[in-house]
Each structure stands twice: as structure tokens, then as C-alpha cells.
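Residue numbers start from 1 in every chain, and the chains themselves are labelled A, B, ... in the order their sequence lines are given, proteins ahead of strands. All heavy atoms count here, side chains included; hydrogens, waters and symmetry mates do not. Because the structure is predicted, anything quoted here is derived from the model rather than measured.
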Protein chains: 2
Amino acid sequence: MSRKASSPRPGGNPTLIDVARVAGVSPITVSRALGRPEVVSDATRRRVLEAVRATGYVPNLAAGSLASSRSRLVAILLPTIANSIFADTVQSLTERLAGAGYQTLLGLTGYLPEQEEALLEALLGRRPDGIVLTGTQHTEASRERLRRTGIPQVEAWDLCARPLDMLVGFSHEAVGRAVADYLLGKGYRRISVVSLDDPRGLRRYHSLLQALAEQGIGEVAAEILPAPATLAEGREGLRHLLERGQAGEVVVCSSDTLAQGVLAEAASRQIAVPGQLAVMGFGDLSSAAHTHPPLSTVRIDGPRIGQSIAEALLARFAEPGLARNPLRMDVGFELIERAST
Amino acid sequence: MSRKASSPRPGGNPTLIDVARVAGVSPITVSRALGRPEVVSDATRRRVLEAVRATGYVPNLAAGSLASSRSRLVAILLPTIANSIFADTVQSLTERLAGAGYQTLLGLTGYLPEQEEALLEALLGRRPDGIVLTGTQHTEASRERLRRTGIPQVEAWDLCARPLDMLVGFSHEAVGRAVADYLLGKGYRRISVVSLDDPRGLRRYHSLLQALAEQGIGEVAAEILPAPATLAEGREGLRHLLERGQAGEVVVCSSDTLAQGVLAEAASRQIAVPGQLAVMGFGDLSSAAHTHPPLSTVRIDGPRIGQSIAEALLARFAEPGLARNPLRMDVGFELIERAST
DNA sequence: CGCTTGAATGATTGCGCAATCATCCGAGAA
DNA sequence: TTCTCGGATGATTGCGCAATCATTCAAGCG
């Protein structure tokens with residue numbers, strides 16, 4: 001390295017040593033005054049804080065990570081943030097973690113498991129203290145790698161029998177069944193589906209199919225569309241169903257965004273909703289209550305998921321002994337009936 | 001510290017030294033094989049990569065940061081990701097940076113400058129190689145701190161006379177004027193505004209006011225709502241305007257989301273759009289083309305902003321000599337006329 | 001008065017890596 | 001043959017911090 005010891009260095013960032021010199025204490029006392037203020041005397045702490053202000057010192061967290069083996073970083077992997085149902089979860093998770101001094105490393109997988117694998121390796125390089133994953137489908141390589149890290153991790157927005165570690169979500173199978181029961185109860189028999197080809201949407205679709213089959217309804221036309229969800233995709237989905245004469249009495253959509261597209265396509269074709277065609281969404285985005293007609297949908301409490309993830313991680317950070325506690329939280333869902341069905 | 005030198009440590013993560021031992025080379029050769037593969041021989045590189053695979057080695061980037069003074073981290077500060085017009089920008093920015101080996105540290109300011117200040121300090125602790133800020137309004141403390149870091153930084157989604165460093169955005173004043181000219185050209189004279197109280201929305205509002213005033217239109221009712229933008233806020237905005245009899249012939253909204261709320265409120269009151277009341281949005285969200293009626297709005301190319309930010313930062317990283325190059329990119333905007341006006 | 005006690009502070013060390021400088025060795029030139 | 005040269009590899013060092021152990025000193029006690 002170029003520089004000898006700790007000269008003043010007008011160029012670089014000030015370090016603990018610079019602050020210590022200004023405050024007239026040892027570097028480790030500065031470290032303590034900032035990191036564990038209760039162990040230094042009031043007078044010393046004041047002197048140190050004054051020196052921090054005077055020097056413009058900002059602790060180098062990379063050095064802190066290295067020395068303490070705690071990065072105060074949480075990695076979040078999610079498919080996308082654009083028009084996303086996950087946005088509320090990420091927002092509340094990030095806020096809660098920030099309040100506890102943790103920062104958020106964002107990784108976008110674009111719904112591709114292989115992408116998740118590469119991203120995961122990159123993120124692990126930061127030695128995050130916690131990892132949040134969307135869904136429970138990961139490549140075998142990812143699962144193995146995650147298992148070996150021993151880092152607390154939370155899978156979100158889903159439930160499964162063998163979670164990697166902690167789990168905060170709800171049952172997509174239960175959603176599918178609940179939607180089937182609801183629609184059958186309303187008297188609908190000819191049902192079609194417009195779904196994104198994302199794993200959780202497809203699981204809801206399959207359990208809907210099964211629940212309907214159990215009631216003797218075997219024919220369910222489906223239009224499976226590539227991610228991400230947009231209104232245009234929804235419109236296209238309904239258009240294809242109509243062209244094939246398969247739309248039936250009600251279209252079940254894998255997201256409110258698709259459902260809004262379906263509504264728009266129906267409006268443009270003068271199809272009355274729900275008179276000629278009912279529409280069901282998923283997610284209860286803030287727009288769902290305000291479409292025309294208001295959208296029946298399934299409400300998921302995204303902020304609550306985020307908050308629960310944060311609590312679970314923070315608890316684990318505070319008490320590493322809890323390792324492998326069997327947290328498996330089902331936040332449930334709520335079927336919201338509005339005018340579209 | 002507890003451990004002596006570099007014993008095998010079955011518990012912890014493998015290090016460069018472990019890989020080196022397996023590959024039968026020195027640690028620094030492993031470092032080179034991974035970081036600058038062109039300087040080691042093919043045979044050595046293969047042996048090293050095999051050893052990396054065998055050990056499950058993942059480089060500790062905190063240590064790398066500390067040794068090289070390059071974190072390969074870019075901090076992004078933005079108001080919110082929920083229902084956000086910035087989502088596309090963040091998505092494309094993140095993807096482009098990830099492709100170049102940079103990771104993204106996300107900071108959410110909630111539209112509060114003081115929050116930005118605290119967040120900024122926390123993020124600077126990671127010594128990011130680049131910083132992306134939303135907008136050009138920062139506290140004086142933030143500006144000063146940013147200036148002194150010398151880290152390449154980009155202000156996005158706005159233009160201003162004295163940028164901190166680089167700038168990729170468009171003129172909100174020009175948007176306000178363009179909207180005024182457009183509406184006047186269509187023959188509208190009684191104009192009202194529903195805006196979020198975010199700085200950029202208010203700037204568009206004020207320049208709209210000024211442009212209208214120059215044409216002799218002095219009375220413009222406005223409803224200013226707290227962030228974040230939701231359909232419900234838009235509905236409330238129109239409701240208040242109508243209650244006061246001030247909605248006029250056309251409502252200009254500071255975002256498409258608010259505009260959709262206005263459309264919903266109008267629909268629920270049997271107000272014909274645009275016959276009795278025209279509506280103008282901002283952002284051209286993917287939903288704007290599919291509302292009922294389709295929404296006239298102002299299109300901003302969010303992904304392009306993200307891409308341009310990434311290019312600008314990567315260029316600066318590759319060539320630190322370019323410091324203080326005067327990049328100041330105006331990505332412009334496009335007024336989209338649809339059926340709502 | 002000497003002792004213990006515990007709060008406050010300090011000295012030393014190493015976290016894992018890359019920058020820097022040093023060394024080695026084989027091919028080609030003189 | 002000897003020398004030079006440059007590609008390949010290695011040894012050493014320090015990045016900035018916190019863990020660990022050591023020291024100091026005043027208060028309290030018999």
C-alpha cells in the first residue's frame with residue numbers, strides 16, 4: 001500500500017484514528033462512543049461526537065463488517081419492482097430494517113431461477129446478515145448454497161412443506177380453492193383463466209382447476225401469458241379467449257393488473273361486467289376498489305408480510321441461538337367481493 | 001481475534017487462502033485468476049476455478065472493498081417504490097449495473113429531505129462507487145456532504161442550473177408549459193389542478209400556472225394532496241374541487257394514478273369524460289392507454305433514464321479522469337393525446 | 001492503610017483481500 | 001554460451017475497524 005500509517009490525509013475520508021486524535025482519546029474509544037455509547041462516560045462521548053462532527057467522519061462499514069463479521073446488510077431477491085405487487089412488502093420491510101440500522105441490498109431476478117442463482121452468489125459476497133427470497137422455488141444449486149451459508153433467511157409470499165429456514169406467506173392453493181368456492185357459490189359454472197406464467201400464479205390456477213374438477217367442472221379454458229403483468233397482457237388474454245369462444249361467464253385473473261386489462265378489453269367490446277362477463281382479480285392493489293366496475297379480488301396484506309419478515313430477521317439477529325426456529329407464518333388472505341362478479 | 005492464522009476452519013466461509021491451498025498456488029494468484037483472469041496462464045486459471053468450485057468459495061467483497069477502495073456498490077435514493085413512476089428507471093438501472101458487476105443499495109426517503117440526509121449518511125458508510133439521487137432538491141447539509149465525498153453522482157428525473165455532478169432528466173417547467181399550450185389549443189379555458197405535494201409535481205403546477213397567466217387565465221383552482229399517489233387521493237381531489245364548484249372544464253393531474261382516481265370519481269358521478277370534464281395525467285404508466293376513456297398524459301421514458309444513468313456512472317468508473325464532466329442529459333418528454341381531453 | 005471492585009480506557013491483533021514490489025524462468029538475441 | 005526481456009507467480013503489507021485482553025484509577029471496605 002502507498003501510505004504509511006495514519007497521516008492526516010487531506011485527500012481521503014477521515015478515519016477513526018483522525019477522530020481519535022481530534023478528540024484526544026484512543027481510536028477504540030471512538031469506536032465505542034459510536035457503537036456502544038453506554039460504555040463510555042458522558043464527557044468522553046460528547047468530546048468524541050464533537051470530533052466526529054468537526055472531521056465529517058462517516059464510519060467505513062466495509063471495515064466494520066470485516067472486523068466484526070456482521071455486515072448489517074439484508075439481501076432481498078424479488079422478481080421485479082415494476083408495477084409490482086411486492087412493492088408494498090419491500091417498502092415496509094426496508095423501512096423497518098432501516099430503523100434498526102440495517103440496509104437493503106436489492107436483487108432483481110426477472111422471474112428466472114437461473115438469474116436468482118447468479119444474483120445470489122453476487123449478493124453472498126457481501127456476507128448479508130439476512131436474506132429474503134420471493135417464493136419457494138429455487139434451483140437445487142441455490143438451495144444447497146443457501147443451506148450452507150447458515151445465514152438467516154426468509155421465504156416470502158408463499159408457504160411450503162420444507163422451507164429453507166423461515167417462511168412468511170400464505171397458501172396459493174387455499175386461494176385457488178377459495179376463489180373456486182366463491183364463484184361456484186355465486187352460480188358461475190363456465191369459468192376461464194388469464195394467468196401470468198409465474199410459479200405462484202400457476203399454483204393458484206392449478207388448485208382452482210382441481211377444486212372445480214371436484215365439483216364436476218372439467219373444462220376451464222386458460223390463457224397463460226409471459227411476465228411481467230401489464231394491462232395490455234390482460235387485454236390480449238381476454239381477446240384470445242373470446243376469439244376461441246372460451247371466455248365463459250367469468251374470467252379469473254392471476255393479478256389485478258391483468259384483471260384491469262380484461263375490464264378494459266370488455267369495455268371496448270361493449271361487454272357488460274358482470275352482466276355478460278364477470279371478472280376476478282388477485283392482490284387488491286390500491287386501484288382495484290376504483291376500477292369500473294370495482295374489482296372483486298383477493299386481498300394480500302403486503303406491508304404486513306414485509307413487517308413480519310423484518311421482525312423475524314431482527315429477532316434472529318438479536319438472538320442467534322434461535323437458529324432454525326420453525327417460524328412459518330401464514331398471513332392469510334381475504335376474498336373481497338365487489339361489483340365485478 | 002480468536003483464530004490463529006488461516007487454519008481450515010470447517011465452520012466459517014472458505015477464504016482465498018483455502019482456495020489457494022487446494023489449487024496449489026499462492027493466494028494472490030487466486031485473487032488474480034478471479035479478478036483479472038487475463039494475467040494468469042490458462043492452466044493455472046483452470047486449477048483455481050476448479051478449487052473455487054470444490055471449496056464453494058465466494059469472495060468476501062467487504063474485504064475486497066477495504067483493500068481496493070472500490071466497493072462495486074451504487075446507492076440509489078428514491079422517494080418510494082410503491083406504485084411508483086420510478087420503478088422502471090430503477091429496474092433498468094439495476095439490471096445494467098448488475099451486468100457490469102455493480103450492486104444496488106436502495107434507500108427510500110419517503111419524499112422527506114431530512115430522511116434523505118440520514119439515509120445518505122448511512123449509505124455513505126458503504127463507500128459506494130456511485131450515488132443516484134431523485135430530484136435536485138436536497139438539504140444544504142446533504143449537498144455539502146455529497147460535494148465533499150467526490151463520489152460520482154447522478155441526479156435524476158429533473159434538470160437544474162447547478163447540478164451536484166451529473167444530471168439525467170427533463171424540464172418540469174417545460175412540461176407545465178407544454179400542457180398549458182396543449183389545453184389552450186384545444187380550447188379549454190377553465191382549468192383546475194390535482195397535484196401531489198412533491199417538489200417536481202409542484203414545479204410543473206407552477207409553470208402551468210404561469211403559462212396560463214401569460215394567456216390571461218388567472219384563476220386556476222388546485223387541490224394539493226399528500227404523497228403517495230393513490231386512486232383514492234385522486235377521487236378525493238376531484239370531489240373537493242366539485243364541492244367548491246371549481247373543477248372547470250379540465251383537471252390536470254400530477255400523475256396518472258391521480259388521474260385514474262379522478263376518472264373513477266367522475267364515472268361514479270355520471271360525469272362524462274371528456275364531454276363534461278376533461279382529464280390530463282402525467283407519466284404514461286402502462287395503464288394510461290387502457291383506462292376508460294384512455295388517458296391523455298405526458299410520457300417519460302423511465303427505462304431510458306435508468307439506462308443513461310448507468311452508462312454515465314460506468315463511464316466515470318472506467319475513467320475517473322472524466323471527473324466533473326458536464327453531463328447534463330435532457331431525455332425530454334412527449335405529450336400523448338388520447339380520448340380523455 | 002492496603003485491599004478489592006468495577007467502570008473507563010487503552011494496546012494489540014487480525015478480519016480477507018488487492019496493491020505493490022520482488023522473484024523466477026524460459027525464449028530469443030548477441 | 002551468456003544476457004536480456006517479459007510473462008507468470010509469489011511475498012509482504014496495510015485497508016479501517018472491532019474483538020480481546022490489559023491497564024488505570026477512584027470508590028468503598030474492613
Looking for any heavy atom pair under 4.0 Å, which part of the strands does Pro27(B) touch: base, sugar-phosphate only, or nothing? nothing

Between the main-chain N or O of Ala122(B) and the side-chain N or O of Gln103(A), is there a donor-acceptor pair closer than 3.5 Å? yes

Which heavy atom of Ile131(B) sits nearest to which heavy atom of Pro128(B), and what is that distance? CG1-CG, 4.1 Å

Check every strand shown and say whether Thr44(B) touches a base, only sugar-phosphate, or nothing at a heavy-atom separation below 4.0 Å. sugar-phosphate

When rounded to whole Å, the CZ to P distance for the pair Arg70(B) and dC17(C) reads 16 Å

Which nucleotide, dG16(D), dG10(C), dC17(C), lies nearest any side-chain atom of Ser26(A)? dG10(C)

Out of dC17(C), dA19(D), dG10(D), minimum distance to the side chain of Arg36(A) belongs to dA19(D)

Ignoring hydrogens and geometry, is there a side-chain-to-backbone donor-acceptor pair from Ser92(B) to Pro303(B) under 3.5 Å? yes

Charged N-O contact under 4.0 Å between Glu50(A) and Arg47(A): no

Of all the choices, dT9(C), dG16(D), dA11(D), which nucleotide is nearest to the side chain of Thr15(A) once you look at every atom? dG16(D)

Arg45(A) CZ to dT9(C) C1': how many Å, rounded? 14 Å

For Ser31(B) and dA18(C), is the shortest distance between a side-chain N/O and OP1 or OP2 below 4.0 Å? yes

Which listed nucleotide (dG16(C), dC17(D), dT9(D)) is nearest to the side chain of Leu66(B)? dG16(C)

Using heavy atoms and a sub-4.0 Å distance, could you list which residues of residues 122-131 of chain B are near DNA chain D? By number, please. none

Atom pair distance, as rounded to whole Å: CZ in Arg72(B) and C1' in dC17(C): 14 Å

Would you please say whether a donor-acceptor pair under 3.5 Å links the side chains of Glu155(A) and His138(A)? yes

Could you tell me whether the side chain of Leu61(B) reaches within less than 4.5 Å of the side chain of Arg127(A), counting heavy atoms only? no

Specify the separation, in whole Å, of atom CD1 of Ile28(A) and atom P of dG16(D). 16 Å

Looking for any heavy atom pair under 4.0 Å, which part of the strands does Leu16(B) touch: base, sugar-phosphate only, or nothing? sugar-phosphate

Tell me the interatomic distance from Arg32(B), atom CZ, to dA19(C), atom P, rounded to whole angstroms. 10 Å

Nearest listed nucleotide, side chain of Asn60(A), among dC15(C), dC17(D), dT20(C): dC17(D)

d(CD, Glu38(A); C1', dT9(C)) in whole Å: 15 Å

Would you say a side-chain N or O of Ser41(B) is under 4.0 Å from OP1 or OP2 of dT9(D)? yes

Is the backbone of Ser71(B) close enough, under 3.5 Å, to the side chain of Asp129(B) for a donor and an acceptor to pair up by distance? yes

Treating Thr29(A) as the side-chain partner and Val25(A) as the backbone partner, does any N or O pair qualify as donor plus acceptor under 3.5 Å? no

Among Thr15(B), Leu16(B), Val22(B), which one satisfies side-chain contact (heavy atoms from CB on, under 4.5 Å) with Asp18(B)? Thr15(B)

Whole-Å distance separating the CG atom of Leu34(A) from the C1' atom of dG16(D): 13 Å

Quick one: is dA18(C) close enough that its OP1 or OP2 comes under 4.0 Å of any side-chain N or O from Ser68(B)? no

Starting at the 5' end of DNA chain D and moving along, which residue's nearest nucleotide shows up first, Ser69(B) or Gly24(B)? Gly24(B)

Hey, is the side chain of Thr29(A) poking within less than 4.0 Å of OP1 or OP2 on dG10(C), counting only N and O atoms? yes

Pairs under 3.5 angstrom, nitrogen or oxygen only, protein versus nucleotides 22-27 of chain D, please.
none

When the distance from CG of Leu61(A) to C1' of dG16(D) is rounded to whole Å, what number comes out? 11 Å

Using only atom types and a distance under 3.5 Å, with no angle test, would you say the side chain of Ser308(B) pairs donor to acceptor with the backbone of Arg304(B)? yes

Of the non-hydrogen atoms in Arg126(A) and Arg72(B), which two are nearest, and what is the gap between them? NH2-O, 3.0 Å

